[in-house]
Amino acid sequence: MEQTFIMIKPDGVQRGLVGEIISTFEKKGFYLKGMKLISVERPFAEKHYEDLSSKPFFEGLVEYIISGPVVAMVWEGKNVVTTGRKIIGATNPSASDPGTIRGSFAVEIGRNVIHGSDSVESAKKEIALWFPNGTVNWQSSLHPWIYE
Ligand code: DAT
Ligand code: MG
């Protein structure tokens with residue numbers, strides 16, 4: 001099944017949003033397949049956001065990501081990449097729909113609480129970067145009650 005990389009950014013950790021964010025993905029019916037609380041170094045943050053390295057906000061973005069611990073996760077489920085992005089909401093919280101994570105919990109684009117992969121391809125890349133030793137292979141006993 002499809003997997004995505006989700007990261008609770010330093011502001012989400014500091015603000016105590018970890019439990020609620022995990023709960024949102026759990027209750028939806030997605031499966032947690034990897035998770036760690038980690039402080040990343042500058043070169044690692046630059047690698048994660050390498051596609052944005054030419055953007056004027058890149059330096060500030062990297063500073064933000066290394067400003068405190070983050071929660072890195074792998075979530076699995078049907079259409080989890082696209083649906084995960086919908087749950088997270090638009091990049092700029094001013095444009096995020098109410099009820100999305102960013103729409104509910106964020107105000108500024110540079111403090112938007114959470115990251116989610118934007119395609120299956122980038123999910124694979126990001127999971128390999130953040131979880132080089134792989135993830136956990138387990139099956140939920142609730143699976144037949146969530147998936148037909
Ligand atoms: P997303 O995180 O929704 O996938 P992105 O990949 O385009 O958005 O950008 C990564 C992060 O960079 C984003 O979560 C917040 C920051 N960012 C994006 N566009 C920005 C902008 N115009 N000004 C400041 N920060 C920006
Ligand atoms: Mg992105």
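Position 1 is the first residue of the sequence; numbering continues from there. Counting convention: from 1, in listed order, for ligands and their atoms alike.
Scanning for side chain to side chain donor-acceptor pair (under 3.5 Å) contacts around E50 gives K47, with sequence neighbours left out. With sequence neighbours excluded, the residues satisfying side chain to side chain donor-acceptor pair (under 3.5 Å) with S119 are S122.
Against a heavy-atom cut-off of under 4.0 Å, N112 is close to the following atoms of ligand 1: 13 (C), 14 (O), 15 (C). Within the listing of ligand 1, atoms 14 (O) sit less than 4.0 angstrom from a heavy atom of K9.
Only side-chain heavy atoms of L61 come within less than 4.0 Å of ligand 1; its backbone N, CA, C and O stay farther off. Of the heavy atoms in K55, none comes closer than 4.0 Å to ligand 1. Neither the backbone nor the side chain of M7 comes within contact range of ligand 1; no heavy atom lies under 4.0 Å.
Counting only heavy atoms of the protein, atom 15 (C) of ligand 1 lies nearest to I109 O, 3.5 Å. Closest to atom 4 (O) of ligand 1, if we only count protein heavy atoms, is R85 NH1, 2.6 Å. The single protein non-hydrogen atom nearest to atom 9 (O) of ligand 1 is L52 CD1, 3.5 Å, given as residue, atom name and distance.
Using a 4.5 Å heavy-atom cutoff, the side chains of E2 and K78 are not in contact. Looking at heavy atoms from C-beta onward, F105 lies out of side-chain contact with I114 at the 4.5 angstrom threshold. At a threshold of 4.5 Å between non-hydrogen side-chain atoms, the residues Y147 and M1 count as touching.
The option from I88, D51, I65, T91 that lies nearest to atom 1 (P) of ligand 1, judged by heavy atoms, is T91. Scanning Y49, F57, F58 for the heavy atom closest to atom 24 (C) of ligand 1 points to F57.
In this structure, atom 7 (O) of ligand 1 has its sub-4.0 angstrom surroundings free of protein heavy atoms.
To the nearest 0.5 Å, atom NZ of residue K33 and atom OG of residue S140 are 9.0 Å apart. Note that the NE2 atom of H115 and the CZ atom of R85 stand 7.5 Å from one another [nearest 0.5 Å]. Atom-to-atom distance recorded for K124:NZ and S117:OG is 11.5 Å, nearest 0.5 angstrom.
At least one heavy atom of R102 sits less than 4.0 Å from an atom of ligand 1.
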